[in-house]
Amino acid sequence: MSKGLPKRSENYPEWYNELVKRADLAENSAVRGCMVIKPYGFSIWEKMQATLDQMFKDTGHVNAYFPLFIPKSYLSREASHVEGFAKECAVVTHYRLKNAPDGSGVIVDPEAKLEEELIVRPTSETVIWSTYKNWIQSYRDLPLLINQWANVVRWEMRTRLFLRTTEFLWQEGHTAHANAAEAIAETEQMLEVYATFAEQFMALPVIRGRKTANERFAGAVDTYCIEALMQDGKALQAGTSHFLGQNFAKAFDVRFASQDQKLDYVWGTSWGVSTRLVGALIMAHSDDEGLVLPPKLAPIQVVIVPIFRSNEELTRISETAQAIRKNLLAKGISVKYDDRDTYKPGWKFTEYEMKGVPVRLAIGPKDMDNGTVEVARRDTREKMTMSREGIEPKIAQLLTDIQENIYQRAWAFRQENTVRVDSYGEFKELLDRKGGFLLAHWDGTSETEEKIKEETKATIRCIPLDAEEEPGACVYTGKPSAQRVVFARNY
RNA sequence: CGGGGUGUAGCGCAGCCUGGUAGCGUACUUGCAUGGGGUGCAAGGGGUCGUGGGUUCAAAUCCCGCCACCCCGACCA
């Protein structure tokens, strides 16, 4: 195993793959396209989960759990939904194995064929709406605001750790409302929850927008999304929120008696983010030395490394280190004191840099003599010497500064790589030279979007919600357009 | 599913063309020194060479089949 990481500038995909492995986040499993999420990687996801879960509860949602298996017939109830997912569904056809007659191992027992095959959920709309039918009779049962944390399976052709795996973890919210306006408000609210989470916790600036018909969720009337820009200039969809209209209510016959004694179909939404967010986090901030984690999501916020020769020295240093650790813990900061004598300080420094620990404290004999501590921040790789006295509030402040700095850096990067483009030639040239978000006029047709995709591999990531009205001409056809949309190549 | 590539120690690879004792780096174990940025030296353990068949006195190496994985495309969060 070589010591350094591949350079981002030389081979970005290779850098990403190596980083995921070297930072101990995840590895490939025996099953193609699936991954083992290792403890360090999983604890990042757990922190994301904890934060989002609280945000969902604060907006009135409750958690529930729906089954992994979906009867095949459910999937065909909503026409465009089937079409969207049919090509990537895992199907359970049998329920028993038996020993092979020739002793070569186990085989599927042909006698144990399921009468109706089961689909491993690619998403849960169908099973949930078939259940909601029984839960909703009256306007008094609405709104129904439910979320579930689950795994789903989509049989992808090509996979990448965290960004696209055959099985992934996510949350999916599914809500039912008495009218369209309320459902749309819910869709927009949850998009804002995602955007807030991305910006304030992941330190990742995002564009809030709506998808074009081509990119819309199968079965939705309208799909909202947040789009982030990665360091290689490619866009990544970090979260989606769908206004389902009455599509699933109609498909599953979910009706309610309204206050004015009419029977009507309910209005639905669904919204989700997945372990893909971990991939976004990695690609947005990390550098050639390893992971860079925003303090709010770092499993370990501060690591303390003692530098010592003898056991006596270690004992003396440990006293100071433990005191600092205790004071930081009291401030709600997670601290690891790594006093292993099986690894050398330099080795530990590199290791914690690879793992993206935001702040590292080193305490050695010289510090003990001088009453100081060496403080290193991961984001800028600066080292400074601080007085041991009153260091705790300074560390707390430093974590806040790092969180802010990482966000600012990502924001500046996005600014530099978001460009208004008015000619197709410039459009193609920019895409090939540096990628990024291209703000261009579009005539609003799927045909044009399709042609641009074929010719440049760039798609419309979204129609931004905050875009200003600006009459212009489509970058491809020259037809009139009312506002700019965001084009990019994407993950 | 099309095009390309790779399977040899936990990991990364050489050896194959030209058949003849299975190697290197790293990781691991032990000892001594070392200890403020992946420490040095020495010794040691670890292999059905992806798999099935064929050629041969002899196959990691040559021939045929199969399997797996990776990369590039069509599909996607």
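Treat the numbers as computed from the prediction; the structure is a model and nothing was measured. To find a chain, count down the sequence lines: A is the first, B the second, and so on, and within it residues start at 1.
- Of the nucleotides present, G65(B) is the one that pairs with U51(B) by Watson-Crick or G-U wobble criteria, both distances under 3.5 Å.
- By the 4.0 Å N-to-carboxylate-O rule, K457(A) lies too far from D432(A) to be salt-bridged with it.
- Taking the six-membered ring where tryptophan is involved, the planes of F252(A) and F248(A) are essentially parallel, since the angle between them stays under 30° and well short of 60°.
- Using atom P as the reference point in both G46(B) and C41(B), the two lie 24 Å apart (nearest Å).
- Shown for residues 361-378 of chain A: residues whose heavy atoms fall under 4.0 angstrom of RNA chain B, namely A362(A), G364(A), P365(A), K366(A), D367(A), E374(A).
- In summary, R388(A) and E392(A) engage in a salt bridge, as defined by a charged side-chain N under 4.0 Å from a carboxylate O.
- Looking at residues 285-321 of chain A, you'll see I307(A), F308(A), R309(A) sit with a heavy atom under 4.0 Å from some atom of RNA chain B.
- Note on E156(A): a base of the nucleic acid sits closer than 4.0 angstrom, heavy atoms only.
- Against RNA chain B, the stretch residues 222-234 of chain A makes no heavy-atom approach under 4.0 Å.
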Contact list (N/O, under 3.5 angstrom) for nucleotides 67-70 of chain B vs protein:
from   : atom 1 : to     : atom 2 : distance (Å)
C70(B) : OP2    : R32(A) : NH1    : 3.3

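- A distance of about 29 Å separates the C1' atoms of U56(B) and A68(B), rounded to the whole Å.
- Comparing G346(A) and Q237(A) by the nucleotide of RNA chain B whose heavy atom lies nearest to each, the residue mapping closer to the 5' end is G346(A).
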Atom pairs, N/O to N/O, protein against nucleotides 3-8 of chain B, distance under 3.5 Å?
none

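- Residue R381(A) contributes atom CZ, which lies 12 Å from atom C1' of G38(B) at whole-angstrom precision.
- At the heavy-atom level, R360(A) lies under 4.0 Å from base atoms of the strands shown.
- Using a cut-off of 4.0 Å between Lys/Arg side-chain N and Asp/Glu carboxylate O, R433(A) and E429(A) are scored as salt-bridged.
- With both ends at atom P, the span from G20(B) to C62(B) equals 11 Å, rounded to whole Å.
- Salt-bridge formation is not detected for the pair R414(A)/E227(A): no Lys NZ or Arg NE/NH1/NH2 atom is positioned less than 4.0 Å from an Asp or Glu carboxylate oxygen.
- Using a 4.0 Å heavy-atom cutoff across all strands shown, F217(A) reaches no nucleic acid atom at all.
- Within the shown strands, G12(B) is the pairing partner of C24(B) under the Watson-Crick or G-U definition, both distances less than 3.5 Å.
- Between E353(A) and R360(A) there is a salt bridge, since at least one side-chain N of the basic residue sits less than 4.0 Å from a carboxylate O of the acidic one.
- Comparing the same atom, C1', in G45(B) and in U26(B) gives a spacing of 16 Å after rounding to whole Å.
- Comparing G38(B), G73(B), U39(B) by their closest approach to the side chain of K457(A) singles out G73(B).
- Rounded to whole Å, the distance from CH2 on W347(A) to P on G38(B) is 13 Å.
- Summarising the base pairing, A74(B) is matched to no nucleotide, lacking a Watson-Crick or G-U wobble pair whose two defining distances lie under 3.5 Å.
- Heavy atoms only, all atoms of each residue included: L291(A) and K355(A) are closest at CD2-O, 3.6 Å.
- Cation-pi contact between K234(A) and Y491(A): present, with separation from the ring centre below 6.0 Å and deviation from the ring axis of at most 45°.
- Rounded to an integer number of Å, the gap from E14(A) CD to G12(B) P is 11 Å.
- Aromatic pair F56(A)/W271(A): centroids less than 6.0 angstrom apart.
- Rounded to whole Å, the separation between the C1' atoms of U39(B) and A27(B) comes to 16 Å.
- In this structure, the nucleotide among C76(B), G36(B), G37(B) sitting nearest to the side chain of K344(A) is G36(B).
- Looking at heavy atoms from C-beta onward, V375(A) lies in side-chain contact with I391(A) at the 4.5 angstrom threshold.
- Residue L163(A) is in base contact, counting any heavy-atom pair closer than 4.0 Å across all strands shown.
- Checked against ring pair (Phe, Tyr, Trp, His ring centres under 6.0 Å), F413(A) has no partners two or more places apart in sequence or in another chain.
- Taking 4.0 Å as the cut-off between side-chain N and carboxylate O, K57(A) and D53(A) count as a salt-bridged pair.
- Using atom C1' as the reference point in both G4(B) and G52(B), the two lie 25 Å apart (nearest Å).
- Using a 4.0 Å heavy-atom cutoff across all strands shown, K383(A) reaches at least one base atom of the nucleic acid.
- A salt bridge does not link K336(A) with D338(A): every distance from a Lys NZ or Arg NE/NH1/NH2 to an Asp or Glu carboxylate oxygen is 4.0 Å or more.
- Considering only the side chain of E88(A), C75(B) comes nearest among C75(B), G37(B), G38(B).
- Distance check on atom P: G10(B) versus G53(B) gives 24 Å, rounded to whole Å.
- Between G25(B) and C63(B), the distance separating the two C1' atoms is 33 Å to the nearest Å.
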